[in-house]
Amino acid sequence: MKVATWNVNSLTARWFRVEEWLVANAPDILLIQETKQDDAKFPFALLNELGYGAAHHGQGQWNGVAILSKVGIDDVVRGFGDNDPEARLIGATCGGVRVYSCYVPNGRALDDPHYVYKLKWLAQLRDLVDQRDRSMHIVVGGDFNVAPHDLDCYDPSVFQGATHVSEPEREALRAIEATGLVDLTWSLHPDEQIFTWWDYRNGSFHRNWGLRIDLLFVDPELRAITTATYVDREARKGEKPSDHVPVVADFAL
DNA sequence: ATGTCACAGTCCCTGTGA
């Protein structure tokens, strides 16, 4: 079973890249963030033609998360059930695996109310996954807007006093892991610098000024049967790329 | 560190968010 997560930065603007990527890579499950569409605009019919069932938690102008699946899609939940107006979480059961697509708030700055919202959001996610059905495999993936370790940041000195690397955010990720999940990329490639996002500005991609902020958290049994995990850097090249690349994992399921 | 991109509103530019 091949599972991927990708912040597409507008499915409207990126559809031709997403469609091309789905055909070329044929993941069983794709977790999408930042669709920036409402449900009426989401391409359910086009996805069905490609063999995917889909569930979308859309908002319109901002945010928006989705799950695409070739292996069934049931028991869909949207958000934390707290009437959050921002569409940042969707969960479903696909092929016997519980999956979540997460778009964690950016935070903006350490003294911004949005940063408080970010930490609260991560704490709510921890509580949600802590209450999971532990008889089922789980994949919690998405754009976490946190680089878990200094190695996940091209230059930690540039990020002094900024979001994405602060200790409370990293601690919030460790609290999620403490429910019994592993950061799959880090777990299998602990000594490699692997980035998933590069700013559009400054020629950041060509300078490799990136961050690893797109993550897949999985249960240890799923990690044990992981045959590969990698990022698709090619997706950051070419016409109208997203600023994020897909993170892919293959499981012997 | 700010060489970009996407969106909405009102329209061919500006403010906002990332």
Side-chain angles (χ1 to χ4, degrees), chain A residues 5-21 31-43 56-66 79 84-90 101-122 125 141-148 150 152-166 168-170 172-173 193 195-215 231-247:
Chain A
T5 182
W6 192 8
N7 179 325
V8 300
N9 184 18
S10 170
L11 191 56
T12 311
R14 213 70 59 212
W15 169 251
F16 78 103
R17 294 293 305 252
V18 173
E19 180 180 43
E20 173 189 56
W21 194 84
L31 312 176
I32 294 179
Q33 300 84 41
E34 282 205 90
T35 62
K36 297 186 180 179
Q37 291 177 331
D38 55 28
D39 293 343
K41 202 167 181 182
F42 189 83
H56 184 224
H57 184 26
Q59 183 185 326
Q61 182 180 1
W62 305 117
N63 310 311
V65 284
D84 186 345
E86 303 200 7
R88 296 181 173 276
L89 178 76
I90 188 167
S101 177
C102 307
Y103 179 44
V104 176
N106 175 288
R108 296 178 190 155
L110 298 186
D111 60 356
D112 192 297
H114 204 253
Y115 180 73
V116 177
Y117 170 55
K118 181 180 197 174
L119 294 178
K120 179 190 169 199
W121 201 97
L122 285 166
L125 182 63
D143 175 3
F144 281 78
N145 272 316
V146 181
D150 278 352
D152 299 320
C153 176
Y154 69 95
D155 185 354
S157 72
V158 170
F159 282 76
Q160 284 284 341
T163 60
H164 292 62
V165 302
S166 75
E169 294 166 72
R170 288 175 167 175
L173 290 192
Q193 190 162 55
F195 298 142
T196 66
W197 171 87
W198 299 260
D199 201 306
Y200 284 122
R201 296 168 290 189
N202 310 318
S204 294
F205 181 61
H206 293 289
R207 289 166 149 146
N208 201 29
W209 289 352
L211 300 177
R212 187 175 71 91
I213 54 177
D214 298 272
L215 312 173
V231 303
D232 183 5
R233 281 181 60 96
E234 295 303 307
R236 188 61 178 76
K237 305 174 184 174
E239 188 187 349
K240 282 172 74 76
S242 172
D243 45 354
H244 297 252
V245 292
V247 180

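First the proteins, then the strands, lettered A, B, ... as listed; each starts at 1.
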Exercise. Does B/dA1 have OP1 or OP2 sitting under 4.0 Å from an N or O in the side chain of A/Arg201?
Worked result: no
Exercise. Are A/Ser204 and B/dG3 close enough that a side-chain N or O sits under 4.0 Å from OP1 or OP2?
Worked result: no
Atom-to-atom span, [atom1] of [X] to [atom2] of [N] - whole angstrom:
| X | N | atom1 | atom2 | result |
| --- | --- | --- | --- | --- |
| A/Glu34 | B/dC7 | CD | P | 10 Å |
| A/Tyr154 | B/dT2 | OH | P | 11 Å |
| A/Asn63 | B/dT16 | CG | P | 17 Å |
| A/Asp38 | B/dC7 | CG | P | 12 Å |
| A/Lys41 | B/dA8 | NZ | C1' | 11 Å |
| A/Asp243 | B/dT2 | CG | P | 19 Å |
| A/His164 | B/dG17 | NE2 | P | 15 Å |
| A/Asn7 | B/dT4 | CG | P | 20 Å |

Exercise. Is there side-chain contact between A/Thr35 and A/Tyr103, with heavy atoms separated by less than 4.5 Å?
Worked result: no
So if I take every side-chain heavy atom of [X] and compare against [options], which nucleotide ends up nearest?
| X | options | value |
| --- | --- | --- |
| A/Ala13 | B/dA18, B/dT2, B/dC7 | B/dC7 |
| A/Trp62 | B/dA1, B/dT4, B/dG17 | B/dG17 |
| A/Gln61 | B/dC7, B/dA6, B/dA18 | B/dC7 |
| A/Lys36 | B/dA6, B/dA18, B/dA1 | B/dA6 |

For this session: Indicate whether any N or O donor in one side chain lies under 3.5 Å from an N or O acceptor in the other, for A/Ser166 and A/Tyr115.
Result: yes
Exercise. Side-chain donor-acceptor pair under 3.5 Å between A/Asn9 and A/Glu34, yes or no?
Worked result: no
Once you apply a heavy-atom cut-off of 4.0 Å, does [X] come out as touching a base, just sugar-phosphate, or nothing?
| X | answer |
| --- | --- |
| A/Asn202 | base |
| A/Arg14 | sugar-phosphate |
| A/Phe159 | nothing |

Exercise. Is a donor on one side and an acceptor on the other found under 3.5 Å between the side chain of A/Asp39 and the backbone of A/Phe42?
Worked result: no
Exercise. Is there a donor-acceptor contact under 3.5 Å from the side chain of A/Arg212 to the main chain of A/Gln193?
Worked result: no
